[in-house]
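These notes concern the structure reproduced below.
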Number of protein chains: 2
Amino acid sequence: MNPTFSPLYQQIKALLLKSLQEGEWMPGEPIPSETELAGRYGVSQGTVRKAIDELAAENLVVRKQGRGTYVSTHNEDKSQYRFLRLASDTDENARPRSEYVDVEKVRANSVIAKLLDINPNDSVFVVKRVLSFGDQPHIYDEIWLPGQQCKGLSLERLQAWNSTLYAFLEAEFGMRMLRATEKIKAVSAGTEHSQRLQVPEGTPLLLVERLSMTYSDKPVELRRGWYLTEGFSYRNELY
Amino acid sequence: MNPTFSPLYQQIKALLLKSLQEGEWMPGEPIPSETELAGRYGVSQGTVRKAIDELAAENLVVRKQGRGTYVSTHNEDKSQYRFLRLASDTDENARPRSEYVDVEKVRANSVIAKLLDINPNDSVFVVKRVLSFGDQPHIYDEIWLPGQQCKGLSLERLQAWNSTLYAFLEAEFGMRMLRATEKIKAVSAGTEHSQRLQVPEGTPLLLVERLSMTYSDKPVELRRGWYLTEGFSYRNELY
DNA sequence: AAGTGGTCTAGACCACTTT
DNA sequence: AAGTGGTCTAGACCACTTC
């Protein structure tokens, strides 16, 4: 059979992705109704539906019965900490408070550059922050962001922001984190991390390396987080 | 609206789940075709399809175009290490070798009993084993299994088995692990774990507590795994 | 050739939200 | 009342596997 064969609904999905990527519909906004899209693309409503089903399964859009289908955003209560897997062993719903410590603009070293798929020596921002539950710091994050896409990022702007970092990046720079991969290791707290998390040196910590991607799986954020797991744990679901 | 309302396809899904649970179709076997099921339940083929779609999304069944829909099994290459998230940083596809160390029948303490949803003092098997990649042990597991469901489990039988533990439990005792939750912490290797994993005491390890569930989210296995993450990492995907 | 799942359509009706 | 997504149907045809 034709080697370039692709089901109609996959082609529609690709067209929808293109429109999303190009910003035809912005995060938080509704996309056109299924019937309208069916008309636009000259296919049946059911085919559009199947395309949107997949986008919804990937969390790129959110369906709301009776209202419409909306472009996902990190700027909503429900998706506020969508990627945060550390939770209290006693209070599942506890939410952390963020304290930004430092923002620097530096040249990417070869490791960072390779992971972010940019050129070595390209400028990158390094953001350092601490997430606390109650009074206890539990996460120290170092976050690398491509300089190109975050012009004008500063400590002051982050400190003035009162929602999540991803909401900030989405609102200020149009960066949309759609999915991420994490690699987790166990490490001992060194001098710096023990201070950041206010624990003794040698305390076992999770080291969580996250690479976040936007459309077409393009990496746009690298993050290393040191997690203190006393009374807390990293949650995962297996299917 | 009727508070007990449930879409037809959800009702069909529930009926299919019931048949799966009751063993009408066994792991590895095909379930009846969509048209046959549609006839049996007196609904359209499309409605059966949507029910099966959900079962497939939850990995309870596997669709094979042109062949049929099969009950999932842990006894197949593709799903062999379905729940194992530790992977080498250099060779993603490396598979571990399992060495069973000990099998004991004991009384469940209150913690274990509560997690497994059984009565304290009910008998449980404790299985201890080491998973190695190459010559290096990387995982030491302690596994609790309800005694009721594993009558006749022994070290010898496990050592004689040459596939995964879940495949064994499925084949020998009809235990089907459908999904699991994991809670991960960072810990320091104590005397026992340092010996099991052949690393110095104090080496940072991941402690992975897994609770595996069968139909109706009934817990059937509790597992604590100590993971050595030198050259390896626990992988996760966020959406 | 026959049987399976996979795609696509068109139309009907339901449930929910907004006006 | 009108518009949206959600369900259900019936029928056609396609792609893949087995016989």
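Here the structure is a predicted model, which means the values were calculated and not measured. Note on naming: letters A, B, ... go to the chains in the order of the sequence lines (proteins, then strands), and numbering restarts at 1 for each one.
- If A/Val43 and A/Gly66 are placed on DNA chain C by their nearest nucleotide, the residue sitting closer to the 5' end is A/Val43.
- Atom pair A/Tyr70:OH and C/dT17:C1' shows a separation of 9 Å (rounding to whole Å applied).
- Applying the 4.0 Å criterion to OP1 and OP2 of C/dT4, one finds that B/Ser33 has a side-chain N or O inside that range.
- One interatomic measurement links the two molecules: CD1 of B/Ile31 to C1' of C/dG5, which rounds to 11 Å at whole-angstrom precision.
- Atom-to-atom, OH of A/Tyr9 to C1' of C/dG6 comes out at 8 Å; the value is rounded to the nearest Å.
- Between B/Thr47 and D/dT7 there is no side-chain N or O to OP1 or OP2 distance below 4.0 Å.
- Atom-to-atom, CD of A/Glu36 to P of D/dT4 comes out at 8 Å; the value is rounded to the nearest Å.
- Across the protein-nucleic acid pair, A/Gln45 atom CD and C/dC13 atom P stand 16 Å apart, rounded to whole Å.
- Considering only the side chain of A/Glu34, D/dG6 comes nearest among D/dC8, D/dG6, C/dG6.
- Heavy atoms from other residues, nucleotides or ligands lying under 6.0 Å from NZ of A/Lys18 number 12 at most.
- Heavy-atom distances to DNA chain C give each of B/Gly68 and A/Lys50 a nearest nucleotide, and the one nearer the 5′ end belongs to B/Gly68.
- The side-chain hydrogen bond (donor to acceptor under 3.5 Å, both in side chains) with A/Ser212 is formed by just one residue from the set A/Glu221, A/Arg179, A/Glu182; it is A/Glu221.
- The side chain of A/Arg63 contributes an N or O atom lying less than 4.0 Å from OP1 or OP2 of D/dG6.
- Heavy-atom distances to DNA chain D give each of B/Val48 and A/Lys64 a nearest nucleotide, and the one nearer the 5′ end belongs to A/Lys64.
- In this structure, the CD atom of B/Gln10 is 15 Å from the C1' atom of C/dA15, given to the nearest Å.
- Seen from the ring of A/Tyr234, B/Lys185 does not count as a face-on cation partner, given the 6.0 Å and 45° thresholds.
- For A/Asp53 and C/dC8, the CG to C1' distance is 14 Å, given to the nearest whole Å.
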With pairs defined as Watson-Crick or G-U wobble and both distances under 3.5 angstrom, please note down DNA chain D as a dot-bracket string, | for pairing with another strand. ||||||||||||||||||.
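- Of the N and O atoms on the side chains of B/Tyr166 and B/Gln80, not one donor lies less than 3.5 Å from an acceptor on the other residue.
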Worked check of side chain to side chain donor-acceptor pair (under 3.5 Å) between B/Asp53 and B/Tyr9: CA-CA 10 Å; B/Asp53 276 344; B/Tyr9 75 89; over 6 Å; no
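- The salt bridge (charged side-chain N to carboxylate O under 4.0 Å, His left out) search around A/Arg235 returns A/Asp89, A/Glu92, not counting sequence neighbours.
- Distances from the side chain of A/Gln65 to the nucleotides D/dG5, C/dG5, C/dT9 place D/dG5 closest.
- Here D/dG6 is the nucleotide among C/dC8, D/dG6, D/dT9 with the atom lying nearest to any side-chain atom of A/Arg49.
- No side-chain donor-acceptor contact under 3.5 Å links B/Arg95 and B/Tyr81.
- Atoms CZ (A/Arg67) and C1' (D/dA2) sit 17 Å apart, rounded to a whole Å.
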